Amino acid sequence: MIPPLRVYNTLSRQKEVFEPLAPPHVGMYVCGPTVYSDVHLGNVRTFLSFDIIYRYLKQQGYKVRYVRNITDVGHLLGETNEGEDRISQKARLENLEPMEVVQRYTNGFHEVMQQFNILPPSIEPAATGHIVEQIGLTQRLLEQGLAYEVNGSVYFDVSKYNQEHNYGKLSGRNVEELIANTRELEGQEIKRNPADFALWKKAQPEHIMRWPSPWGPGFPGWHLECTVMSTKYLGERFDIHGGGMDLKFPHHECEIAQSVGSCGVDPAKYWVHTNMVTINGQKMSKSLGNSILPSQFITGNHPLLDQPYSPMVLRFFMLQSHYASTLDISMEALQAAKKGYLKLMNGMRVLRNLEYSEQEGIEFNEKGAQQVKGLCDNCYRSMNDDFNTAQTIGHLFNLVKKINALQTGQLSTAELGREVFDQMKQTFISFTEEVLGLREELDLRPENLLEALLEVYRQAKEQKDYERVDQIRASLRNSGIVVKDMKQGIDWAYEE
RNA sequence: GGUCUCGUGGCCGAGUGGCUAGGCAAGGCUCUGCAAAAGCCUCUACAGCGGUUCGAAUCCGCUCGAGACCUCCA
């Protein structure tokens, strides 16, 4: 009835039926952030997209091991050989120990993930925790003759690799073209070929982050960590490897080359790439300086924002488009998303309180029941079609209409029948909360509610409605709160 | 310059060779002490030009436009 889950695989450039290598287990590796600065909304979208995949696979009964790394070394800045490591640079600029930089932004990243209700991965390994393995992999590639050492640095020999394998198959380019189109850059002479990439870099004397190695003190190249950590925790071959589109080349291409080169195995069966968040039609990126931070959305404190937007509104907003499409931010779209999100949450609240009941004179309506059942099935259908959250949300809204009609009595549960009613309730809640990860974020400050209640108390007192006064006191006492009715005014305190 | 993606109604955004996406906005109706909520209905589409087809927004070609990657970026 419902077609099987299909996933768009960048390798084949088409949707493929999802068949794990060793069901019910699924191994998924996602390239995490480089923790040298705050994550912006574009970063969040990627991790949100994989959060959805993770959640849906789990809902489908798979046992998922989800590995998402933290890049805390090796990510070079600039184009030249002498380019500085991002973490190092930040540490120097802020006068911090590199690991302080790493810790600060890792904490910040985790906080944002939590705000957006993005589940933590099963394993979150850091590059600096796997230096030994990275040196090991570099050695193996040297032994295979696929790498060469120059002056304390080790490079991957792309053209050598390409003699037997296909460097560029993921991102769809060929090595000759790559070489022909590479600009001449300062400091690249020591590489045999401009397309070669660093496995291990010699640390300059002033470089703070350094580890001993067979080639002298240095630090690992960026691409190495993902190969090492995915292999270590998921095996040489695993199911899904993901990341942002902008990592396709060179990062993921290099990963494939490292894996195939060292152990002869293509690391991932399915490559999944998420698209970019744009603002005014242009990619949001740290280097372009047009990024908006989650904290700025939440406070509304940014020149481009007209008002604050909460994490759940943003989560909903992002889920209203497909992960492989670019998503443009505009105030109109955000406001529409805000209302839509609230509509969905209202539906959820109504549904939670709905119970099935037979009613005199109301008959089962086969057609209506089938329609609701169809909407439920459609949720699975849409998610099975390459995790199409946008379409799923559309179906949920159709269900909201039914839910609201049930609440106002325009529709009766008896018309749906118990089976369909239960299915609707189960499906709606499961998809909204578990799969889409949307939750209410009602900010009912206890203080505000108490104030309102004490105001009623005040008025009751004035009107000498002592029955009501006692009632309010009693109900507050149930919550561990006593009313302090003093000459100076009315206040409350925790009951001691 | 090379490679690739995209161009859907007032806005956002799915989608498929023929069957209502959905949200927001606008208009109308029902319900309602008032108001709100809710339900129902309506409106404006598939960049342009050709081609394939019984039929294309969906496939192919060209044109125009936008973007991404090719160098760090999720």
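No experiment lies behind these values; they were computed from the predicted model shown. Convention: sequence-line order gives letters A, B, ...; per-chain numbering from 1.
Taking the centre of each ring, A:Phe116 and A:Phe47 stay at or above the 6.0 Å mark. For A:Phe156 and A:Phe197, the ring centers are positioned less than 6.0 Å apart.
Each of A:Tyr270, A:Tyr66, A:Tyr29 was checked for a ring pair (Phe, Tyr, Trp, His ring centres under 6.0 Å) with A:His241, and the lone residue meeting it is A:Tyr29.
Under 4.0 angstrom from either OP1 or OP2 of B:G39 there lies at least one side-chain N or O belonging to A:Asn404. Contact between the side-chain N/O atoms of A:Lys339 and the OP1/OP2 oxygens of B:A25 is found at a separation under 4.0 Å. Close to B:A74, at under 4.0 Å from its OP1 or OP2, lies no side-chain N or O of A:Asn275. Using a 4.0 Å cut-off, no side-chain N or O of A:Thr326 falls inside it from OP1 or OP2 of B:U5. For the pair A:Lys343 and B:G22, the criterion of a side-chain N or O lying under 4.0 Å from OP1 or OP2 is not met.
Distance check on atom C1': B:G39 versus B:U32 gives 13 Å, rounded to whole Å. The C1' atoms of B:A25 and B:C43 are separated by 12 Å, rounded to the nearest whole Å. Nucleotides B:C49 and B:A74 are separated by 42 Å at their P atoms, to the nearest Å. Across the C1' atoms, B:U44 and B:G10 are found 8 Å apart, a figure rounded to whole Å. The gap from the P atom of B:U53 to that of B:C72 amounts to 49 Å, rounded to the nearest Å. Between B:C29 and B:G48, the two P atoms lie 36 Å apart (nearest whole Å). Taking atom C1' in both B:G61 and B:A56, the straight-line distance is 15 Å, to the nearest Å. Separating the C1' atom of B:U42 from that of B:C59 is a span of 34 Å, rounded to the nearest Å.
For A:Arg86, taking side-chain heavy atoms from C-beta onward, the closest of the listed nucleotides B:A38, B:C72, B:A14 is B:C72. Here the nucleotide nearest the side chain of A:Lys283, chosen from B:C72, B:A74, B:G13, is B:A74. The side chain of A:Met276 lies closest to B:A74, out of B:G22, B:G39, B:A74. Closest to the side chain of A:His40, from the set B:A14, B:A38, B:A74, is B:A74. The A:Ala336 side chain lies nearest to B:G23 when the options are B:A74, B:U16, B:G23. Picking from B:A74, B:G23, B:C69 the nucleotide with the shortest atom distance to the side chain of A:Gln320 gives B:G23. Considering only side-chain atoms of A:Lys15, the nucleotide from B:G22, B:A14, B:U16 that sits closest is B:U16.
Both distances falling under 3.5 Å, in either a Watson-Crick or a G-U wobble arrangement, occur for no nucleotide opposite B:A45. With both pairing distances under 3.5 Å, B:G50 is matched to B:C60 as a Watson-Crick or G-U wobble pair. Pairing for B:C40 goes to B:G28, judged as Watson-Crick or G-U wobble with the two contacts each under 3.5 Å. With a cut-off of 3.5 Å on both pairing distances, B:U16 has no Watson-Crick or G-U wobble partner at all. Pairing for B:G1 goes to B:C70, judged as Watson-Crick or G-U wobble with the two contacts each under 3.5 Å.
Annotation: A:Arg349, atom CZ; neighbour count of heavy atoms from other residues, nucleotides and ligands within 6.0 Å does not exceed 12. Surrounding CD of A:Glu363 are at most 12 heavy atoms belonging to other residues, nucleotides or ligands under 6.0 Å away.
Of the inter-residue distances, the one linking A:Thr138 atom OG1 with A:Leu224 atom CG reads 4.5 Å to the nearest 0.5 angstrom. We find the CE-OG distance between A:Met318 and A:Ser49 to be 8.0 Å, quoted to the nearest 0.5 Å.
The residue A:Asp328 sits close only to the backbone: its heavy atoms come under 4.0 Å of sugar-phosphate atoms, none of a base.
Geometrically, A:Arg68 does not engage A:Phe50 in a cation-pi contact, judged by NZ or CZ lying under 6.0 Å from the ring centre and within 45° of the ring axis.
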Using nucleotides 40-43 of chain B, report all nitrogen or oxygen pairs with the protein that are shorter than 3.5 Å.
none

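Residue-to-nucleotide contacts include no donor-acceptor pair under 3.5 Å from the side chain of A:Arg173 to the base of B:C4.
Taking the six-membered ring where the residue is Trp, A:Tyr233 and A:His130 present perpendicular rings, their angle passing 60° and hence far from 30°. Classification of the A:Tyr56-A:Phe431 ring pair by plane angle, with boundaries at 30° and 60°, yields tilted. Between A:His252 and A:His273, the angle of the ring planes lies from 30° to 60°, which puts this pair in the tilted group.
Nearer to the 5' terminus of RNA chain B, by closest-nucleotide assignment, is the contact made by A:Phe397 (compared with the other of A:Phe397 and A:Lys286).
Within residues 99-123 of chain A, no residue has any heavy atom closer than 4.0 Å to RNA chain B.
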